**Student:** 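Okay, here's the structure, questions in a sec.
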Amino acid sequence: ILNVEQSPQSLHVQEGDSTNFTCSFPSSNFYALHWYRWETAKSPEALFVMTLNGDEKKKGRISATLNTKEGYSYLYIKGSQPEDSATYLCAFWPGYALNFGKGTSLLVTP
Amino acid sequence: KAGVTQTPRYLIKTRGQQVTLSCSPISGHRSVSWYQQTPGQGLQFLFEYFSETQRNKGNFPGRFSGRQFSNSRSEMNVSTLELGDSALYLCASSPQEGVQETQYFGPGTRLLVL
């Protein structure tokens, strides 16, 4: 089991705030980094799959960056909305199985 | 397209029993992976099946097993249940195996072992 760390563990922001989370993973043996959003009572939903150092992905107000040399990825949410409230999971793929972090729980209040 | 389905959604068993969980992937998807989530833990990888073959296995005891059928549906079996097996079990499918494949998750089966 490889150590994938996510910070912060939880976050509470006001509607309209921008926020970001961090995912740290082993920098050796890198193949891919996944981000998922998991809303309560729903299934985890894929946001991004990132494979190249320096990758930047964007989906609406959500974007992510990847640094494989130092082993971290950032997820940014611009202008948070209440519907962004969810747990955001990152998962590191070293070539055989996805290793998930424990997630960052985001609560956005109006 | 219909999403990933899992049955049953909820299950209560007692220690020592065995249980079988089922996962039907998205039509056309050939890879199915299983994960366990226990309170306070992240998703833990159990195993992955592709074309009826187990490709990878996580660090779980032999009581946990699975299989995949020719229509890509997968089952997971846990024998001699222990209290610690109480968890949410998620399966995920993808078109192919491989690092760039997005995983499409089902709603999960919540297992309670008494």
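Here the structure is a predicted model, which is why all the values come from computation and not from measurement.
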**Student:** Inspect the surroundings of CZ in Arg110(B) and state if more than 12 heavy atoms from other residues, nucleotides or ligands are less than 6.0 Å away.
**Tutor:**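 No - once you tally the heavy atoms of other residues, nucleotides and ligands closer than 6.0 Å, there are 12 at most.
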**Student:** Between Leu47(A) and Tyr104(B), is there a shared hydrophobic cluster once you connect ILVMFWY residues whose side-chain heavy atoms come closer than 4.5 Å?
**Tutor:**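 No, Leu47(A) and Tyr104(B) fall in different hydrophobic clusters.
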**Student:** For Leu88(B), which atoms come within 4.5 Å of any heavy atom of chain A: side chain, backbone, both, or neither?
**Tutor:**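 Contact with chain A: side chain only.
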**Student:** Quick check: does any side chain N or O of Thr102(B) sit under 3.5 Å from a backbone N or O of Ala46(A), one acting as donor and the other as acceptor?
**Tutor:**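 Side chain of Thr102(B) to backbone of Ala46(A), a donor-acceptor pair under 3.5 Å: no, none is there.
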**Student:** Which atoms form the tightest heavy-atom contact between Gly106(B) and Ser43(A), and what is the distance?
**Tutor:**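 Reported closest heavy-atom pair: O-OG, 3.0 Å.
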**Student:** Is Leu98(A) close to Ser33(B) at the side-chain level, that is, under 4.5 Å between some pair of heavy atoms?
**Tutor:**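 Result no, sub-4.5 Å side-chain heavy-atom pair not found.
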**Student:** Pick one of side chain, backbone, both or neither for Tyr35(B), based on which atoms fall under 4.5 Å of a heavy atom in chain A.
**Tutor:**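 Contact with chain A involves the side chain of Tyr35(B) alone.
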**Student:** With clusters defined by side-chain heavy atoms of hydrophobic residues (ILVMFWY) lying less than 4.5 Å apart, directly or transitively, does Phe21(A) cluster with Val13(A)?
**Tutor:**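 Linked within one cluster.
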**Student:** Is there a chain of hydrophobic side chains (I, L, V, M, F, W, Y, each step under 4.5 Å between heavy atoms) that links Phe48(A) to Tyr76(A)?
**Tutor:**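 Cluster IDs for Phe48(A) and Tyr76(A) differ.
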**Student:** Rounded to the nearest 0.5 Å, what separation is found between the CG atom of Asn99(A) and the CG atom of Leu43(B)?
**Tutor:**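 Atom-to-atom, Asn99(A):CG and Leu43(B):CG are 11.0 Å apart.
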**Student:** Around Gln14(A), counting heavy atoms of other residues, nucleotides and ligands shown, do more than 12 lie under 6.0 Å from its CD?
**Tutor:**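 Yes.
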**Student:** Using the rule that Ile, Leu, Val, Met, Phe, Trp and Tyr join whenever any side-chain heavy atoms are under 4.5 Å apart, tell me whether Tyr89(B) and Leu81(B) fall into a single cluster.
**Tutor:**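 Linked, Tyr89(B) and Leu81(B) end up in one cluster.
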**Student:** Measure the spacing between CD of Gln37(B) and CG of Leu89(A) and express it to the nearest 0.5 Å.
**Tutor:**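 Interatomic distance, Gln37(B) CD to Leu89(A) CG, rounded to 0.5 Å: 8.0 Å.
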**Student:** CD of Glu45(A) to CD of Gln103(B): how many Å apart, nearest 0.5 Å?
**Tutor:**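 CD of Gln103(B) is found 14.5 Å from CD of Glu45(A).
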**Student:** Find the one option among Gly40(B), Gly3(B), Gly58(B) whose heavy-atom pairs under 4.5 Å with chain A are most numerous.
**Tutor:**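 Heavy-atom pairs under 4.5 Å are most numerous for Gly40(B).
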**Student:** Under a 4.5 Å heavy-atom cut-off, does chain B meet the side chain of Tyr36(A), its backbone, both or neither?
**Tutor:**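 Interface part for Tyr36(A): side chain.
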**Student:** So, taking the atom named OH in Tyr96(A) and the one named CD in Glu97(B), what distance separates them when rounded to the nearest 0.5 Å?
**Tutor:**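 Going from OH on Tyr96(A) over to CD on Glu97(B), the span is 16.0 Å.
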**Student:** Applying the 4.5 Å side-chain criterion to the ILVMFWY set and letting contacts propagate, would Val32(B) and Leu46(B) be lumped into a single cluster?
**Tutor:**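 Linked within one cluster.
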**Student:** Take a 6.0 Å sphere around CZ of Arg61(A) and say whether it holds more than 12 heavy atoms from other residues, nucleotides or ligands.
**Tutor:**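 Buried by this count: over 12 neighbours within 6.0 Å.
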**Student:** So how far is it from Trp38(A) CH2 to Phe105(B) CZ, rounded to the nearest 0.5 Å?
**Tutor:**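 It is 8.0 Å, given to the nearest 0.5 Å.
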**Student:** Using atom types as modelled and distance alone, determine if a side-chain donor or acceptor of Asn56(B) lies under 3.5 Å from a backbone N or O of Ala97(A).
**Tutor:**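 No, because the side chain of Asn56(B) does not come within donor-acceptor range (under 3.5 Å) of the backbone of Ala97(A).
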**Student:** Rounded to the nearest 0.5 Å, how far does CD of Gln41(B) lie from NZ of Lys102(A)?
**Tutor:**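 Atom-to-atom, Lys102(A):NZ and Gln41(B):CD are 4.5 Å apart.
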